[in-house]
Every structure is written in C-alpha cells, then in structure tokens.
Protein chains: 2
Amino acid sequence: MITSVSNPKVKRLLHLRKQAKARREAGLFLVEGEKMCKEAPKDLVAEVYISESHVGAGEVAGWGRIPVEILSDSVFRTVSDTQTPQGVLALVRQRERTLKEILSGRQIPLLLILEKLQDPGNLGTVLRTGEGAGVTGVVMSGDTVDIYNPKVVRATMGSIYRVPFCTVPDLAEAIGDLSARGIVCYAAAPTESLDYTEADYRGPTAFLIGNEGNGLSREAILAAGKRVRIPMAGEVESLNASMAAGLLMYEAARQRRKPG
Amino acid sequence: MITSVSNPKVKRLLHLRKQAKARREAGLFLVEGEKMCKEAPKDLVAEVYISESHVGAGEVAGWGRIPVEILSDSVFRTVSDTQTPQGVLALVRQRERTLKEILSGRQIPLLLILEKLQDPGNLGTVLRTGEGAGVTGVVMSGDTVDIYNPKVVRATMGSIYRVPFCTVPDLAEAIGDLSARGIVCYAAAPTESLDYTEADYRGPTAFLIGNEGNGLSREAILAAGKRVRIPMAGEVESLNASMAAGLLMYEAARQRRKPG
C-alpha cells in the first residue's frame with residue numbers, strides 16, 4: 001500500500017490530473033469512480049488505483065492482468081479530483097482518431113465542430129448529448145479545453161469512450177476539407193436569418209459551435225457554407241454553448257427519424 | 001470605505017451569499033458583476049457594493065438614490081463568490097410569484113416543472129434556456145436548490161429577473177391543479193414509448209423534469225397525465241437535466257412557430 005504523497009506514482013497521478021501537457025506526453029488520462037472505471041475499454045486501461053477502505057469486495061481481482069495499486073485513504077483523497085472520492089481510479093490510454101477515421105463509418109455523417117470551447121462541463125455535456133443524438137464524431141480546434149481534463153471526462157458520463165473525436169490544427173482548413181467531401185457545415189450564429197429547424201439535416205451535416213464568450217470566429221463562419229439561428233425569445237443574447245449544440249444535434253436526429 | 005471583514009454589513013453579505021435561510025428571511029439575494037447588476041430591475045435593488053479600485057467611472061452616481069457602499073479590494077474579494085470579482089455587487093429583493101400570477105398572462109401556457117433539481121448550474125441554465133424558448137414560467141418543488149443561490153443567479157445570465165417562477169409545497173397537488181386548468185403535463189422519462197417530437201405542444205403544456213440522479217418521483221409521474229421520451233442513441237442512460245428541459249421547451253417552441 002502506498003501511504004506517502006511523495007511516492008513517484010502518486011506524484012505522476014497528480015501531474016496527470018492537473019496538466020494537459022503531462023497527459024499528452026504520457027498518452028494517458030485519469031478516470032474516477034466505479035462506473036467510469038468499469039466502462040473503460042479494458043484494452044485501454046493501463047493502471048488501476050484503489051483506496052484502502054475500498055479494497056475487499058473483489059475489487060482487485062476483477063481487473064485481471066491490469067496492474068492495481070492500493071493507496072491509503074488520505075493519499076487517495078489527495079490524488080482524487082472529486083469532493084467525495086469513490087475509492088477507485090484508473091489511468092486510461094488516450095485514443096484520438098483522425099478526421100478520416102471518424103468519417104469511415106457507413107452512417108450519414110453528423111458532426112459537431114467545436115471552436116475554442118473553454119468550459120470543461122460544456123465539452124463533457126456536448127459529448128454526452130452528442131452520443132444520445134447519434135453523432136458520428138466531434139471535431140475540436142487545437143485551443144479547445146483538453147478533452148482529457150478530469151472535469152470533462154466526468155461530465156461525459158462515459159461518452160468519452162464511445163464518441164469518436166479528433167483535434168485539428170487549422171479549423172477553417174478542416175471545414176474546407178469536410179465541405180469538399182460533401183458535408184454541409186452550418187455555423188450557429190444568433191444574428192442569422194435561417195431558423196435552425198428549417199434547414200434540412202438529413203444529408204451529411206456538420207454544426208459549428210463557438211467559444212462561450214465570443215462565439216465563432218469570422219474565419220470559421222466564413223469557412224462554413226451555411227448559417228443558422230436558434231430563435232431566442234425575451235432578452236436572451238445567447239444560449240449556453242452545450243445547449244445550442246444539443247438543440248442542433250437533436251433537431252438533426254428528429255429530422256432523420258422521420259424521413260419524407 | 002469598509003476595510004474590515006468584521007463590519008456588520010460585510011458579515012451580512014457573507015451570510016446572504018452562503019445561506020439560503022438567511023436569504024429567505026431577509027427576502028434578499030446577491031448579484032455580482034456589472035451586467036447582472038445593471039440588468040436588475042431598479043425598484044428591486046436594495047443596496048450596491050463597489051470595490052475601491054472599481055470606484056470612479058461614474059459607478060456610484062449611476063445608482064441614484066440606492067445606497068452605495070465602497071469596500072476595500074480585499075474585503076470585496078472576501079464577499080465575492082467569483083474567482084475574479086468584477087468589483088460590483090448588489091443586494092436585490094426576492095420576487096416570487098404564485099402559480100396563479102404565472103398563469104395570468106395571455107400567452108398559451110408553456111411551463112416547466114422541476115422536481116428536486118440539485119445542481120445550481122442546471123437550474124440557472126433552465127431559466128436562461130426557458131426564457132429563450134419563451135416559457136410562461138418555472139414551477140419548482142420545495143426541495144429544489146435555492147434559486148437565489150449565487151451560482152444559480154450567475155448561470156441564469158439575467159433570466160432570473162425576467163422568467164416568472166414559483167415554489168410549491170406539494171408538487172403532485174400543483175400538477176393536479178394545472179391539469180384541472182386544462183394544462184397537459186408531460187413527464188420526461190427515458191423508458192416511455194412516446195417520442196417527445198410526436199406529441200402536440202401547441203395547446204397549454206407543462207414539462208416535468210426530475211432530479212439529476214434519480215429522475216422524477218413515482219408520485220410526480222403518476223400525477224402527470226402524459227409521458228414522453230427523448231430518444232437516446234449509443235449507451236447513454238440519460239441526458240443532463242437542463243439539456244432535457246431545453247430540448248422539450250425548444251420542441252414546443254418549434255411547433256408553436258409553425259402552426260398547422
């Protein structure tokens with residue numbers, strides 16, 4: 001059992017929890033809690049850490065050949081990112097796709113393109129809702145919040161394992177690439193005239209969602225072929241970014257459920 | 001200028017920030033930031049507090065007859081609920097409606113009924129999105145997170161001033177009351193068979209949204225006349241509560257925009 005926070009493995013966990021750079025270099029990320037650890041694809045789980053008071057109920061044996069370490073409760077609390085740790089966390093290997101891989105399936109593409117989304121909860125919710133709506137994948141600009149940030153991972157509720165995603169260095173270029181493949185890209189902008197429920201999303205479709213504070217950049221809007229607006233009553237200036245993404249994705253899902 | 005955190009006004013601000021009970025007893029709540037303070041209905045603003053480094057640019061004079069106090073920067077940081085305080089906060093009078101008041105307008109009712117919503121961000125987002133979708137009002141069970149919690153207030157982005165809301169002691173009774181007034185109440189439940197986009201919300205409508213962890217209670221589901229399901233692809237077990245609310249409200253708004 002590891003009882004000291006100066007243990008090298010503990011220090012490594014702390015780095016991986018706090019620093020996107022450390023995660024990127026190691027190709028690993030932290031997941032916490034019974035459900036999130038159990039749902040992780042077994043071939044991607046690198047190491048498991050269990051708190052001393054959580055050991056017992058077959059917790060260790062269940063992981064087979066994956067290395068398991070026991071941490072004292074106080075050390076576990078230190079490495080945990082949550083207020084009330086559930087006593088189990090795993091280091092999971094990162095698995096990012098390429099745009100080509102995301103588009104390789106047979107489904108008519110329904111993509112979400114995120115420009116500089118900054119709030120971890122928003123990105124997590126976008127993945128969770130995206131899986132529910134049946135998206136093909138999520139494309140992110142390089143300056144989007146790190147998808148392996150523990151707060152993002154938690155907010156995905158497991159969708160991070162199942163929704164394919166990729167990061168692109170140049171978003172406008174990626175949008176051009178998608179357009180060339182026949183995917184119609186819609187920028188969500190509050191000042192546009194086309195109501196989002198009046199465009200047809202039954203063909204290959206991508207939605208662009210911008211940063212929480214500033215919306216989409218001019219370049220991204222120009223790169224997108226089309227623009228839609230989510231109507232807002234009252235004095236609302238904008239919707240929450242993940243809410244806007246959810247409304248667009250579910251509108252596409254609605255149209256695809258009832259063809260004709 | 002107030003420079004001590006043991007000043008009675010400062011202590012009072014801290015109580016009002018932290019305790020729902022203190023807010024209820026005083027009938028006041030805290031709002032922070034330039035935009036949120038400026039948007040507050042003037043007749044409801046009781047007191048304004050400005051940090052020493054924020055004073056100057058006509059900040060004090062602009063409040064007219066409303067009492068303004070200057071706080072030293074360090075005292076302001078103590079009372080502020082945000083990481084990077086904007087230097088202005090106001091005490092605003094609570095203004096809750098009755099169910100009857102909410103229904104007194106001419107609009108065809110579109111209500112949101114919340115049972116035991118616990119996450120401040122979710123409640124705030126529900127109000128913000130609800131205003132955008134054009135809801136008549138929001139009805140909350142008594143065990144819903146305090147709507148005057150600073151985190152809720154911030155997440156509403158000002159909608160707390162504009163969307164009418166009320167708290168009811170007995171939710172099932174309130175649902176019965178609404179049904180008796182001809183409002184069709186839809187419980188959102190993932191196991192139901194009716195797709196939420198296939199019900200007709202152009203008449204008087206209310207949507208019931210349950211607690212983040214446990215969903216709606218059996219009593220609430222039974223009290224509601226109808227049930228709908230938001231289809232979910234993949235392995236998603238549920239959507240975020242505010243996302244579910246947003247999708248339902250915007251589907252109603254969509255149907256109401258295009259009659260026939």
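Computed from a predicted model, the values in this text were never measured in an experiment. A, B, ... follow the sequence lines: proteins, then strands. Residue 1 opens every chain.
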Should we say atom NZ of A:Lys21 is surrounded by more than 12 heavy atoms from elsewhere, each under 6.0 Å from it?
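Atom NZ in A:Lys21 is not packed in, count stays at 12 or less.
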
A:Arg257 vs B:Thr197, side chain to side chain contact (heavy atoms under 4.5 Å, CB included): CA-CA, chis, key distance, verdict
CA-CA 10 Å; A:Arg257 279 199 303 278; B:Thr197 62; 3.4 Å; yes

If you compare all heavy atoms of [X] against all heavy atoms of [Y], which two are closest, and at what distance to 0.1 Å?
{"X": "B:Thr129", "Y": "A:Leu239", "value": "CA-CD2, 4.1 Å"}
{"X": "B:Ala133", "Y": "A:Ala233", "value": "C-CB, 4.5 Å"}
{"X": "A:Val236", "Y": "B:Ser159", "value": "CG2-OG, 4.2 Å"}

Less than 4.5 Å to any heavy atom of chain A: does that hold for the side chain of [X], its backbone, both, or neither?
{"X": "B:Met243", "value": "both"}
{"X": "B:Arg128", "value": "both"}
{"X": "B:Tyr196", "value": "side chain"}

Got a second to check how far B:Ile230's CD1 is from A:Arg254's CZ, nearest 0.5 Å?
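If I round to the nearest 0.5 Å, the distance is 14.0 Å.
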
Tell me, out of B:Gly134, B:Ser238, B:Ala155, who's got the most heavy-atom pairs with chain A below 4.5 Å.
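Top option by heavy-atom pairs under 4.5 Å: B:Ser238.
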
In terms of heavy-atom pairs under 4.5 Å, which option from B:Glu237, B:Glu198, B:Met157 contacts chain A the most?
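Winner by heavy-atom pair count: B:Glu237.
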
Under 4.5 Å from a heavy atom of chain B, the part of A:Glu251 involved:
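Side chain only.
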
